[in-house]
Amino acid sequence: MKPAITYELIKQCPHTGARAGRIHTPHGSFDTPIFMPVGTQATVKTVSPEELKAMGAGIILSNNYHLFLRPGSKLIKEAGGLHKFMNWDRAILTDSGGFQVFSLGDLRKISEEGVTFRSHIDGSKKFLSPEIATKSQMDLGADIIMAFDECVPYPADFKYTRESMELTLRWAQRCKDTMTSENQGLFGIVQGGMYKDLRIECANRLVDMDFPGYAVGGLSVGEPKELMYEMLDITLEHLPKNKARYLMGVGTPDCLVEGVMRGIDMFDCVYPTRVARNGTAMTWNGRLVIKNAQYERDFNPIDEHCDCYACRNYSRAYIRHLVRVNEIFGLRLLSIHNLHFLINFMKEMRQSILEDRFVDFYQKFTANFSFNAKSV
RNA sequence: GGGUAGGUGCCCGAGUGGUUAAAGGGAACGGACUGUAAAUCCGUCGCCGUAGGCUACGAUGGUUCGAAUCCAUCCCUGCCCA
């Protein structure tokens with residue numbers, strides 16, 4: 001039987017690891033490399049599905065932990081699945097809740113069996129295991145579901161990291177054993193912290209288990225970027241070329257380019273939407289903190305070359321005004337712009353790979369981009 | 001005209017003799033944000049500066065070792081009664 005999720009390699013960059021491809025899912029195919037907007041609670045904050053489609057989003061992310069707690073995976077199953085529930089008919093990927101094991105800090109306790117959480121909503125005790133997380137994700141019905149892993153903090157010593165990786169591997173097997181859905185694909189997650197040999201071992205052993213796609217997790221958790229790139233280099237060497245590769249939680253333009261150059265196909269990140277809600281716009285030159293006083297009388301669009309809804313119709317001064325007076329529309333316009341920017345950014349990168357000029361793209365990008373835009 | 005309550009930093013507002021450059025909000029300004037406990041969080045916010053100094057609580061004058069805080073006069077504002 002044909003697997004639910006397949007990766008099609010279309011073009012390999014002859015000079016770097018960058019590659020253009022296409023991923024096929026039960027809810028359509030999308031081109032890679034791709035950026036996936038994050039919609040944790042079954043909605044990409046402030047943005048409608050129609051708007052996401054208009055900007056070209058082919059797949060979005062949602063979160064098992066949050067939906068499991070509220071409204072409950074069973075309720076969503078009852079509603080006809082996550083796609084129907086949230087009115088999104090393209091592909092969806094759900095994260096297992098592994099990241100919450102990491103981010104909820106002292107609200108959780110890890111054991112071999114699984115993770116006991118205190119709900120961040122009401123403090124009640126909740127339990128998530130590889131089996132429960134997988135079944136819950138089967139109820140949600142996302143096209144791609146993720147293994148339940150432990151995301152190791154940075155820094156972490158070797159012993160802890162190795163034990164955690166072993167646990168993640170055992171959990172991955174349990175997820176796989178639980179996964180019976182034929183119209184979903186379960187991705188394994190490579191952990192191993194900042195230790196090359198652990199990364200290699202984790203990748204090899206996951207590949208032996210044979211997943212339809214592999215994620216690189218546990219990166220972008222506060223380590224220097226160079227270290228992250230090193231880990232990516234070594235990890236990707238050990239992942240198969242005929243499967244999708246997903247770098248979890250990465251979304252600043254510089255990291256995206258570096259990831260693509262090393263052969264990553266999929267990225268997700270809350271960065272563009274969170275930063276939007278906090279008054280910042282993303283551009284090819286870097287960030288534009290639109291709420292800053294310097295834009296008070298700037299009647300130009302965020303980016304005059306951008307053809308997103310916000311840039312076609314509104315000025316920096318107007319958006320700054322909306323953000324300052326706390327109007328939701330300002331947060332929406334920035335979210336729409338930032339997502340559009342990243343989706344388009346990936347599209348252009350892909351085009352450069354197809355046309356054998358990725359290296360040129362990389363050099364031009366690096367020359368123009370600084371984290372804080374210096375342009376007017 | 002009589003009575004009464006009050007005038008505090010950009011705004012609101014606490015403070016009723018020293019530990020007060022003055023709580024707390026708000027505004028303003030800046031920063032952070034990478035598998036979303038986030039329309040959140042953090043910092044600055046009288047002036048000059050390194051210590052330290054200067055100017056400040058309606059105005060002026062007093063009491064006191066010491067006053068935003070007590071007294072006198074004046075100015076202004078809210079409310080009530082004529």
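Letters A, B, ... mirror the listed sequences (proteins, then strands); counts begin at 1.
- The base of B:U36 sits within donor-acceptor range of the side chain of A:T273, with an N or O pair under 3.5 Å.
- Looking at heavy-atom distances under 4.0 Å, A:Y271 makes contact with sugar-phosphate atoms alone, never a base.
- Minimum atom distance to the side chain of A:V289 is reached by B:G31, of the listed B:G31, B:G35, B:A37.
- Heavy atoms of other residues, nucleotides or ligands lying less than 6.0 angstrom from NZ of A:K77 number 12 at most.
- Heavy atoms of A:D268 sit under 4.0 angstrom from primed sugar atoms or phosphate atoms, though from no base atom.
- No donor-acceptor contact under 3.5 Å links the side chain of A:R277 to the base of B:A38.
- Of the candidate nucleotides B:A37, B:C33, B:G35, B:G35 has the atom nearest to the side chain of A:M248.
- Outside the 6.0 Å centre-distance limit, the rings of A:H321 and A:Y314 are not counted as a close aromatic pair.
- With a cut-off of 3.5 Å on both pairing distances, B:U64 has no Watson-Crick or G-U wobble partner at all.
- With respect to the salt-bridge test (charged N to carboxylate O, under 4.0 angstrom), the residues A:R162 and A:D197 do not qualify.
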Close N or O pairs between protein and nucleotides 27-30 of chain B (under 3.5 Å):
unit_1: B:C29; atom_1: OP1; unit_2: A:R320; atom_2: NH2; d: 3.3
unit_1: B:C29; atom_1: OP1; unit_2: A:R324; atom_2: NH1; d: 3.3
unit_1: B:C29; atom_1: OP2; unit_2: A:R324; atom_2: NH1; d: 2.8
unit_1: B:G30; atom_1: OP1; unit_2: A:A293; atom_2: N; d: 3.1
unit_1: B:G30; atom_1: OP2; unit_2: A:A293; atom_2: N; d: 3.4

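- Across residues 43-77 of chain A, A:K45, A:L61, A:N63, A:H66 each have a non-hydrogen atom less than 4.0 Å from an atom of RNA chain B (numbered order).
- Between A:E131 and A:K135 no salt bridge is recorded (no basic side-chain N to carboxylate O distance below 4.0 Å).
- Where A:E327 and A:T280 each meet RNA chain B at their nearest nucleotide, the meeting point lying more 5' is that of A:T280.
- Residue contacts shown for A:G218 include a base, since a base heavy atom lies under 4.0 Å away.
- Distances were taken from every side-chain heavy atom of A:C269 (C-beta onward) to each of B:U40, B:G35, B:A38; the shortest belongs to B:G35.
- A:Y65 has its ring centre no less than 6.0 Å from the ring centre of A:F99.
- One finds a side-chain N or O of A:Q100 lying less than 4.0 angstrom from the OP1 or OP2 phosphate oxygen of B:U36.
- Comparing A:D149 and A:R274 by the nucleotide of RNA chain B whose heavy atom lies nearest to each, the residue mapping closer to the 5' end is A:D149.
- For RNA chain B, the residues of residues 186-213 of chain A within the heavy-atom distance limit of 4.0 Å (strictly under) are A:I189, A:Q191, sorted by number.
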